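The next block holds one structure in the form of structure tokens; read it before the comments.
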Amino acid sequence: MVHNGIEYGDMQLIAEAYDLIKNATGLSAPQMSGIFGEWNNAELSSYLIEITRDCLAKMDSETGKPLVDVIVDKAEQKGTGKWTSQDALDVGVPIPTINSAVEGRLLSAFKDERVAASKIIPGPSARCKVSKKKLITAVRDALYAAKICSYAQGMSLLRLASKEYGFNLNFGELARIWKGGCIIRARLLDQIKKAFQRNPDLPNLLVDPEFCQAVTVRQANWRLAVKTAVEMGIPYLAHSASLAYFDSYRRDRLPQNLTQAQRDYFGAHTYERLDKPPGQKFHTEWTA
Ligand code: 3PG
């Protein structure tokens with residue numbers, strides 16, 4: 001099930017990369033097939049990038065157009081992505097990239113409403129501000145960094161589910177198994193296997209030295225791709241969710257101190273203080 005959740009994340013990230021390149025550069029599907037073909041020779045090498053290359057190259061014999069251009073933009077689903085999201089909520093593990101992939105499919109299914117809304121709600125008229133070459137490199141780096149975050153979330157879910165349900169999972173072995181015949185088979189899984197061999201108790205892939213380095217060197221391009229998508233009004237659901245996950249996970253202080261203050265204000269739910277031992281609870285009469 002979690003394999004399929006990760007698969008949903010990968011597919012949404014790839015769809016977003018395709019959408020941004022298409023709209024920012026005007027390249028045709030067969031031209032983009034060449035880009036995905038190149039990406040498949042390096043760190044993004046995977047079954048899903050390989051079939052994306054082939055899907056984009058396929059021409060429709062009836063219209064003479066690229067086949068993807070005549071396919072209706074409504075994604076269906078059999079439910080395994082949704083189950084992953086439901087289970088993550090039950091276990092209490094954040095998997096925003098996978099959740100956004102499920103929601104990306106749901107949003108796509110509202111085709112009639114979207115077509116009507118497109119005639120009512122204007123978007124920005126901004127054009128891409130960077131060169132085609134720079135944009136394509138940024139999209140590639142963003143895709144890889146966001147993908148690492150997505151796998152980090154899936155592995156984190158498995159780690160905590162393994163504890164909760166007593167599965168006693170071996171994560172390096174799982175990564176190895178997923179290399180054989182699975183839809184998410186990818187070069188990245190070798191790195192994941194090595195990361196868990198280095199540290200079987202790794203709390204999150206993002207703190208493994210190699211993954212930390214891989215994301216850090218792509219950080220500027222990742223932000224550039226998300227920024228370009230936001231400026232152009234192109235939905236970058238899974239990339240933004242991955243980036244926000246990354247920015248949340250690497251922050252030592254998040255704004256939930258304010259959330260705790262609000263909870264204590266309206267519900268006397270209490271809070272802990274930074275300057276007092278953990279577990280000691282405090283309540284304030286906020287209007288006194
Ligand atoms: C499959 O079983 O075909 C896929 O793993 C997931 O299918 P879905 O995209 O229809 O949920």
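Note that the structure is a prediction, hence the values are computed from the model and not measured. Read the numbers this way: they start at 1 and go in the same order the structure lists the ligands and their atoms.
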| Among Glu7, Glu76, Met1, whose heavy atom sits nearest atom 6 (C) of ligand 1? |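 The nearest heavy atom belongs to Glu7.
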| Proximity winner for atom 2 (O) of ligand 1, if only heavy atoms of Lys78, Met11, Gln77 are counted |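 Nearest heavy atom to atom 2 (O) of ligand 1 lies in Lys78.
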| message | Checking contacts here: is it the side chain or the backbone of Arg105 that comes within 4.0 Å of ligand 1, counting heavy atoms only? Could be both or neither. | response |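 Near ligand 1, Arg105 shows its side chain, while the N, CA, C and O stay back.
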| Arg185 to Tyr47 six-membered ring, cation-pi geometry met (6.0 Å, 45°) |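 Output yes; distance and angle both within limits.
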| Is the cationic atom of Arg218 (NZ for Lys, CZ for Arg) positioned less than 6.0 Å from the six-membered ring centroid of Tyr144 and within 45 degrees of its normal? |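 Not flagged: Arg218 not positioned over aromatic ring of Tyr144.
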| query | In terms of atom number and element, which parts of ligand 1 are under 4.0 angstrom from non-hydrogen atoms of Tyr8? | reply |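 Near Tyr8, the atoms of ligand 1 are 8 (P), 9 (O), 11 (O).
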| Can Thr284 and Tyr265 be counted as having a side-chain donor-acceptor contact under 3.5 angstrom? |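 No pair is found: no donor N or O on one side chain lies under 3.5 Å from an acceptor on the other.
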| query | Looking at Val207, Leu206, Asp201, which hits side-chain contact (heavy atoms from CB on, under 4.5 Å) with Pro203? | reply |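 With Pro203 as partner, Val207, Leu206, Asp201 yield a single side-chain contact (heavy atoms from CB on, under 4.5 Å), made by Val207.
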